[in-house]
Each structure stands twice: as structure tokens, then as C-alpha cells.
Amino acid sequence: DDPAAPPRRLVKLAAALGDELRLRILYALADGELSASEIADRLGVDRTSLHHHLGILRSAGLLTIHDDGIRGWRFARPPGGVADVGAALKDYLDAPPRGRA
């Protein structure tokens with residue numbers, strides 16, 4: 001364990017946000033929830049590729065999913081969404097160095 005290593009959550013967030021399509025997905029969800037088909041249509045991407053990216057965003061805590069019954073599975077940005085990303089990055093980068101001699 002490297003005491004200077006970034007928190008795992010920060011690494012997952014940075015990886016999730018480090019892709020143009022994933023940023024476009026989050027942007028598309030700014031006005032509310034959408035199905036995978038709706039997202040794919042809006043962004044002009046195939047659903048197979050889209051599902052891979054949705055999984056990464058969900059794993060990083062940047063996306064929620066629920067089944068609303070009639071319209072099926074719906075994706076949305078969670079409350080607070082990306083608000084804590086900047087704070088998490090600042091906390092890590094501004095922390096005093098650890099583990100250095």
C-alpha cells in the first residue's frame with residue numbers, strides 16, 4: 001500500500017470522466033432520465049458500445065438506473081452527481097505529501 005496513492009474513488013471518477021463519450025452521456029442526462037435507446041439515438045452511437053460506457057459511469061457512482069415499469073430501464077445522474085469530483089481532486093492534490101523521506 002502506497003500512502004501517497006490517490007483514493008480509489010478518485011481514480012474511478014477520473015477514469016470515468018476521461019472519455020469523450022462518457023462526458024457526452026452525462027451531458028445528455030442533464031435534463032433528466034433517459035433510456036439506453038434514447039441516449040444512443042441522441043448521441044448517434046450503437047447500444048453495445050453505449051452499455052459498456054454506462055457501466056463505467058455507474059461503477060464510478062456518476063449514474064443511477066431504475067426500472068420505471070412502463071418505459072423500462074431509465075438512466076439518470078444522481079443527486080449531487082459530479083459536484084464532489086472537484087473537491088475530491090483538490091483534497092488529494094493539496095494534501096501534504098505522505099510516505100516521502
Side-chain angles (χ1 to χ4, degrees):
D1 288 316
D2 180 358
R8 182 166 169 79
R9 171 153 166 70
L10 181 58
V11 172
K12 286 185 96 167
L13 286 168
L17 295 172
D19 181 88
E20 180 183 349
L21 179 56
R22 291 193 286 270
L23 289 174
R24 291 176 60 213
I25 292 167
L26 293 172
Y27 184 78
L29 293 168
D31 291 333
E33 60 186 33
L34 296 168
S35 70
S37 294
E38 291 167 332
I39 296 168
D41 290 346
R42 284 190 186 192
L43 301 181
V45 299
D46 67 90
R47 287 189 52 189
T48 303
S49 174
L50 179 69
H51 280 285
H52 166 75
H53 293 283
L54 292 173
I56 291 170
L57 290 169
R58 189 169 174 217
S59 175
L62 296 171
L63 197 66
T64 61
I65 181 173
H66 75 278
D67 184 359
D68 79 353
I70 296 171
R71 296 181 297 169
W73 294 103
R74 309 292 289 174
F75 296 88
R77 291 176 10 188
V82 296
D84 69 332
V85 174
L89 181 60
K90 182 177 180 358
D91 288 348
Y92 173 69
L93 294 178
D94 289 350
R98 298 173 296 233
R100 293 188 194 164

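Side chains are part of it too, since the values below use all heavy atoms of this structure and drop only hydrogens, waters and symmetry mates. In this chain, residues are counted from 1 in sequence order.
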Minimum side-chain heavy-atom gap Leu34-Phe75 below 4.5 Å: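 SC-SC contact between Leu34 and Phe75 ruled out.
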4.5 Å side-chain heavy-atom contact, Ser49 and Leu21: yes
In a table with atom names and distances, give each donor-acceptor pair under 3.5 Å that connects a side chain of residues 53-60 to protein atoms at least two apart or in another chain.
unit_1	atom_1	unit_2	atom_2	d
His53	ND1	Arg22	NH1	2.9
Ser59	OG	Lys12	NZ	2.6

All pairs passing salt bridge (Lys or Arg N to Asp or Glu O under 4.0 Å) where residues 34-49 contributes a residue, at least two apart: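 Those involving residues 34-49 are Glu38-Arg74.
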Contacts of Asp67 that satisfy side-chain hydrogen bond (donor to acceptor under 3.5 Å, both in side chains) - sequence neighbours left out: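 For Asp67, no residue satisfies side-chain hydrogen bond (donor to acceptor under 3.5 Å, both in side chains) once neighbours in sequence are set aside.
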Co-membership, hydrophobic cluster, residues Leu13 and Val11, 4.5 Å side-chain: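 No.
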Just distance, no hydrogens or angles: give the donor-acceptor pairs under 3.5 Å from side chains in residues 24-33, sequence neighbours left out.
unit_1	atom_1	unit_2	atom_2	d
Arg24	NH2	Leu43	O	3.2
Glu33	OE2	Arg71	NH2	3.3

Distance-minimising heavy-atom pair for Pro7 and Tyr92: CD-CD1, 3.7 Å
Main-chain N/O of Ala76 paired with Thr64 side-chain donor or acceptor, under 3.5 Å: yes
